[in-house]
Amino acid sequence: MEENKNQEQTVNTEELKKETVEAVNQVKDTIKNVDIKNDAKEATGFVKSMFKDPFATIKTIAEDSTNKVFKIAIIFVAIWMIAEFVDVIVPIVTSRYWTGSLAVERIFRIIKYTIAPVVNVLVLSGIVYFMNKENKKSLITTISSMSIAKIPVILAAVVSLITLISSNATPVTSRFSSFCSVVSIILVYFSSKALCGEEQNSKFIKKFVIMYGAYYVISLVVYYLGIYI
């Protein structure tokens, strides 16, 4: 029995390695084939469909085996990274203190803030992927679903850049960010539910609580590394 368990774990590990390599290769291909005009139009159209019927859209993504939305997901995560980069770099540059150890510290801070969106999506995707044992979907599909579920948070990150121009906007942007976070959690819930192939909320709610509990535990760990997700 223990031997079968070890064998199953080995198979799962090999499967994860294979899917990770595939995801990395797809990211590389997406970056190589960037078409700003067409991609921007496609992403805009996708946002409109999300506003019209978000739950049907995220269910379609979760059930799509062709991973055609993966490119759009990467675009949104890239926008999120740019927003975080701008948000951290502008105050640092305008402070004009780039000497000695302080400069090194600030460079690391910029890097940590910029990669935080990627870490956020990967952590959440990894948890959902590993806990989805009965209706296993590909890692790419899971990443796509979680990235799209984060669109409200990405929108909030972009809007919060207004505070770089005027700090008076902070009360508005902070409340908008809180609202977007709640909406995003709801979308993550329904995305996870669709990925797991669960129809009944009463059965899935416990699993989702465990998923998000694990997410917050990991977020606490990376917080001490200076990465805020």
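Reckoned from all heavy atoms, side chains included, excluding hydrogens, waters and symmetry mates.
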Ignoring hydrogens and angles, tell me if any N or O in the side chain of Lys137 forms a donor-acceptor pair with the backbone of Ala62 under 3.5 Å. yes

To the nearest 0.5 Å, atom OG of Ser184 lies from atom CG of Leu124 at 8.0 Å

May I have the list of side-chain donor-acceptor pairs in residues 220-229 shorter than 3.5 Å, sequence neighbours left out?
none

Show the nearest heavy-atom pair for residues Asp53 and Thr57, with the distance to one decimal. O-OG1, 2.8 Å

Indicate yes or no: at least one non-hydrogen side-chain atom of Ser145 is less than 4.5 angstrom from one of Lys150. no

For Ser177, is there any backbone N or O sitting under 3.5 Å from a side-chain donor or acceptor partner on Ser181? yes

Return the minimal non-hydrogen interatomic distance between Val121 and Ser147, and the atom names on each side. CG1-OG, 3.3 Å

Search all heavy atoms of Ile127 against all heavy atoms of Met211 and return the closest pair with its distance. CG2-O, 3.7 Å

With sequence neighbours excluded, residues passing side chain to side chain contact (heavy atoms under 4.5 Å, CB included) with Cys180: Pro152, Ala156, Phe176

Of the non-hydrogen atoms in Val158 and Ile79, which two are nearest, and what is the gap between them? CG2-CG2, 4.0 Å

Using side-chain heavy atoms (C-beta onward) and a distance below 4.5 Å, is Leu187 in contact with Pro54? yes

Using the six-membered ring wherever Trp is involved, compare the ring planes of Phe190 and Phe55 and label them parallel, tilted or perpendicular (cut-offs 30° and 60°). tilted

Applying salt bridge (Lys or Arg N to Asp or Glu O under 4.0 Å) as the test, list every pair that has at least one member in residues 204-214; sequence neighbours left out. Glu134-Lys207

Applying the 4.5 Å side-chain criterion to the ILVMFWY set and letting contacts propagate, would Tyr216 and Ile210 be lumped into a single cluster? yes

With rounding to the nearest 0.5 angstrom, report the CD1 to CG distance, Ile92 to Asp87. 10.0 Å

For a quick test of reading the model, state the closest non-hydrogen atom pair linking Ile154 to Val77 and the distance between them. CD1-N, 4.4 Å

Show, in sequence, the C-alpha distance, side-chain angles and deciding distance for Tyr215 and Val123, and conclude whether the side-chain contact (heavy atoms from CB on, under 4.5 Å) test is met. CA-CA 7 Å; Tyr215 170 75; Val123 168; 3.9 Å; yes

Side-chain heavy atoms nearer than 4.5 Å, only ILVMFWY residues, links allowed to pass through others: does that put Val90 and Leu161 together? yes

Are any of the side-chain heavy atoms of Glu63 and Lys59 separated by less than 4.5 Å? yes

same_hphob_cluster(Tyr129, Phe204) at 4.5 Å side-chain heavy-atom cutoff: yes

Please check: side-chain N/O of Asn132 versus main-chain N/O of Leu195, any donor-acceptor pairing under 3.5 Å? yes

Cluster link Val118 to Ile143, ILVMFWY, side chain under 4.5 Å: yes

With sequence neighbours excluded, residues passing side chain to side chain contact (heavy atoms under 4.5 Å, CB included) with Ile82: Val86

In this structure, would Ile148 and Phe51 fall into the same cluster of hydrophobic residues linked by side-chain contacts under 4.5 Å? yes

Which distance, rounded to the nearest 0.5 Å, do you find between the CD1 of Ile72 and the OG1 of Thr44? 10.0 Å

Taking the side chain as every heavy atom from C-beta outward, state whether Phe208 and Val188 have any atom pair closer than 4.5 Å. yes

Salt bridge (Lys or Arg N to Asp or Glu O under 4.0 Å) partners of residues 175-199, not counting sequence neighbours, each pair once: none

Sub-4.5 Å side-chain heavy-atom contact between Phe70 and Ile75: no

Report yes or no: does Ser166 contribute a side-chain atom to a donor-acceptor pair with the main-chain N or O of Thr163 at less than 3.5 Å? no

Ignoring hydrogens and geometry, is there a side-chain-to-backbone donor-acceptor pair from Ser125 to Leu122 under 3.5 Å? no

Test side-chain contact (heavy atoms from CB on, under 4.5 Å) on Ile58 and Tyr189; report intermediate values, then the result. CA-CA 10 Å; Ile58 57 180; Tyr189 171 83; over 6 Å; no

Closest heavy-atom pair, Ser192 versus Met146, reported as atoms and distance to 0.1 Å, is OG-CE, 3.8 Å

So, the side chain of Ser144 versus the backbone of Val69: is there a donor-acceptor pair under 3.5 Å, distance only? no

Nearest-0.5 Å distance that lies between atom CD1 in Ile151 and atom CE in Met50: 4.5 Å

Do the non-hydrogen side-chain atoms of Thr114 and Glu84 ever get within less than 4.5 Å of each other? no

Any pair counted as ring-ring contact (aromatic ring centres under 6.0 Å, His included), so long as it reaches residues 76-95, sequence neighbours left out: none

Taking Ser174's backbone N and O only, do any of them form a donor-acceptor pair with Ser178's side chain (distance below 3.5 Å, no angle check)? yes

Contact between Asp64 and Thr141 at the side-chain level, heavy atoms closer than 4.5 Å - yes or no? no

